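All figures in this text were calculated on a predicted structure; none of them were measured in a lab.
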Amino acid sequence: AVSLIGDYVFWTTMLLFVATVIAKGKPWAPAAASGVLIAEAVPVLVIGPVAGVFVDRWDRRRIMLTADACRLGLIAALLILPAMGNRVTPAAELAIVYVVVAAESTFAQFFNPSRLALLGLVVAADDLPSASGRLQATSSFAGVIGPPLAAPLLFAFGVHWALLINAASFAVSFLAVRAIRLPDPGSRRAQATASFGADFREGIRFFTRSKVLVALCAGIVIATLGTGALNALEVFFLTGDLHTAAKWLGILFAGFDAGAIAGALLVGRVVRRIGAARVFSLGLILCGSFLVAFSRTTAFPAAVAAGALVGLVISAINSAAPPMFLAHIPQDLIGRVMAVFSPLQQLANILSMAAAGFLASTVLRGMHVVIGGVTFGPVDTIIGVSGLLIVAAGLAVIVPLRGADKPAASEPVAAG
């Protein structure tokens with residue numbers, strides 16, 4: 001929880017620091033700020049697949065400790081920027097920020113799959129849905145607390161305080177992971193004789209041959225396509241379709257996050273009653289339906305309520321997926337299989353935001369269609385179509401995920 005709040009403070013601070021301090025008043029400020037997001041995303045696509053092989057070979061607990069220690073050092077190194085003052089050019093400042101952000105994201109590619117693997121070792125299978133839900137609730141809570149802290153810290157106290165908080169959060173995370181005593185060190189492959197390429201291909205083969213894993217990935221990727229479009233256009237929906245001032249965007253986000261926290265806390269009980277697979281497929285159907293309802297709202301309170309429902313079911317989807325991943329992936333393949341999934345999800349998010357922005361700005365710009373007394377504009381149409389796509393994904397994964405709460409007898413077995 002502490003580490004995630006620190007992350008949110010860090011990412012928000014870096015965006016604000018680049019946009020309002022380093023590039024203040026410059027015409028290239030938007031591009032410079034977007035560079036922070038690019039620097040964070042590139043390692044997911046480039047390093048993520050490579051990291052999976054080593055996560056499966058090395059001690060997962062040691063990986064997490066090393067990642068936390070290195071990230072602490074990286075964030076602390078950024079303190080040189082406020083100390084140097086005007087002696088560093090804006091170009092050099094941007095370069096330092098981008099390099100540190102990319103490096104921090106690189107270590108996250110090793111930390112995150114290791115955390116999932118450890119979850120499977122320290123939590124009993126029957127308790128995984130509840131544990132996964134609590135992790136999701138923690139993440140959503142951090143999303144509520146972290147960003148609002150960033151702006152006051154930056155503008156009232158300076159960037160160094162936000163950096164110190166994030167560095168301290170990694171220290172807390174390090175101590176927490178260090179306190180973990182594993183009942184079993186897990187299946188490590190430090191002495192593996194297979195080549196890197198062979199290990200990498202083994203993970204891809206296992207993933208592609210599992211109908212459950214392919215269905216899970218497809219459902220999450222399509223849901224990401226829909227939520228990516230929502231994230232890209234939400235401010236324009238607020239000001240254009242809801243005729244509400246942009247300053248209320250935070251309330252709209254708060255409604256989403258509140259629903260996400262509630263969904264994460266409730267999902268454990270629901271999974272015990274109907275199973276993770278049904279929660280996942282039903283969640284996709286409801287998510288798409290609520291997103292369509294959100295796109296048709298014309299009043300701000302109704303949009304907040306619809307957004308909260310979207311957040312609730314997305315959180316349930318994200319909480320139901322990890323227990324199924326762990327049920328169908330052997331411990332010695334978790335890193336490589338998740339290294340296939342994570343870049344696909346990140347790529348879907350990037351493509352969705354880019355496509356939504358492009359369509360709203362070009363092809364659908366100025367769209368005004370009235371059907372049966374219902375008006376359709378560019379932004380609400382894109383969000384509504386995204387919702388229908390998610391509904392279709394939910395219907396499509398019902399059959400492939402049937403019985404996915406437990407490992408199937410026909411599930412492919414990892415070699416080695």
Side-chain angles (χ1 to χ4, degrees), residues 1 3-4 52 55-56 60-61 63-64 111-142 173 176-177 179-188 206-207 210-217 219-220 223 260-284 312-342 345 397 400-409 411-414:
S3 180
L4 284 170
V55 167
D56 287 338
R60 274 73 177 266
R61 179 173 172 271
I63 290 173
M64 295 173 72
F111 184 94
N112 295 336
S114 298
R115 181 179 63 181
L116 178 64
L118 256 66
L119 185 69
L121 289 177
V122 302
V123 180
D126 290 344
D127 294 326
L128 279 174
S130 295
S132 179
R134 289 172 184 174
L135 281 175
Q136 185 65 34
T138 300
S139 179
S140 299
F141 177 75
S173 178
V177 175
I180 295 174
R181 293 293 177 264
L182 296 177
D184 186 306
S187 187
R188 298 192 300 274
F206 185 87
F207 176 85
S210 169
K211 66 177 184 179
V212 170
L213 296 180
V214 170
L216 280 172
C217 181
I220 292 175
I261 293 172
L265 294 176
L266 293 172
V267 70
R269 297 179 182 178
V270 180
V271 166
R272 285 194 181 94
R273 292 186 177 184
I274 66 175
R278 289 183 180 177
V279 169
F280 185 84
S281 56
L282 182 60
L284 286 173
L312 187 149
V313 291
I314 286 180
S315 182
I317 292 168
N318 290 336
S319 301
M324 288 189 286
F325 277 125
L326 290 172
H328 289 266
I329 308 174
Q331 269 285 326
D332 66 334
L333 277 171
I334 287 177
R336 283 166 285 173
V337 173
M338 296 311 295
V340 177
F341 162 74
S342 296
Q345 185 181 23
V397 301
L401 292 183
R402 188 170 294 161
D405 299 293
K406 300 294 181 182
E411 199 70 29
V413 178

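- The distance from atom CZ of Phe325 to atom CG of Leu216, rounded to the nearest 0.5 Å, is 5.0 Å.
- Summarising the geometry of Val279 relative to Ala316, their closest heavy-atom pair is CG1-O, 4.0 Å, with the distance given to 0.1 Å.
- Looking at every heavy atom in both residues, Ser315 comes nearest to Gln136 through OG-CG, 3.2 Å.
- With rounding to the nearest 0.5 Å, the separation of CG in Leu121 from CD in Gln331 is 4.0 Å.
- Here the closest non-hydrogen pair linking Ser114 and Met64 is CB-CG, 3.7 Å.
- Note: Ile314 CD1 to Leu284 CG = 9.5 Å, rounded to the nearest 0.5 Å.
- Within the 3.5 Å criterion, the main-chain N or O of Arg115 finds no donor-acceptor partner in the side chain of Arg60.
- Judged by distance alone, the side chain of Ser139 and the main-chain N or O of Leu135 form no donor-acceptor pair under 3.5 Å.
- Between Ala131 and Val123, the shortest heavy-atom distance links the atoms CB-CG1, 4.0 Å.
- Scanning both residues, Ser3 and Ser173, for their nearest heavy atoms gives CB-CB, 3.9 Å.
- Residues meeting the side chain to side chain contact (heavy atoms under 4.5 Å, CB included) test with Thr138, sequence neighbours left out: Ala1, Leu4.
- Considering every non-hydrogen atom in both Ala320 and Pro323, the closest pair reads O-CD, 3.3 Å.
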Contacts table for residues 269-276: side-chain donor-acceptor under 3.5 angstrom, sequence neighbours left out:
| from | atom 1 | to | atom 2 | distance (Å) |
| --- | --- | --- | --- | --- |
| Arg272 | NH1 | Ser130 | OG | 3.2 |
| Arg272 | NH2 | Ser130 | OG | 3.1 |

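- Once rounded to the nearest 0.5 Å, the distance linking CG of Leu312 with CG of Leu265 reads 10.0 Å.
- Between Met338 and Val55 there is no side-chain heavy-atom pair separated by less than 4.5 Å.
- Separation of atoms CG (Leu326) and CG (Leu116) is listed at 4.5 Å; rounding is to 0.5 Å.
- Formation of a donor-acceptor pair under 3.5 Å by the Ser132 side chain with backbone atoms of Leu128 is not found in this model.
- No donor-acceptor distance shorter than 3.5 angstrom exists from the side chain of Ser210 to the backbone of Phe206, with no hydrogens or angles considered.
- Rounding to the nearest 0.5 Å places CZ of Phe207 at 12.5 Å from CG of Leu333.
- Between Arg61 and Arg181, some side-chain heavy-atom pair lies under the 4.5 Å cut-off.
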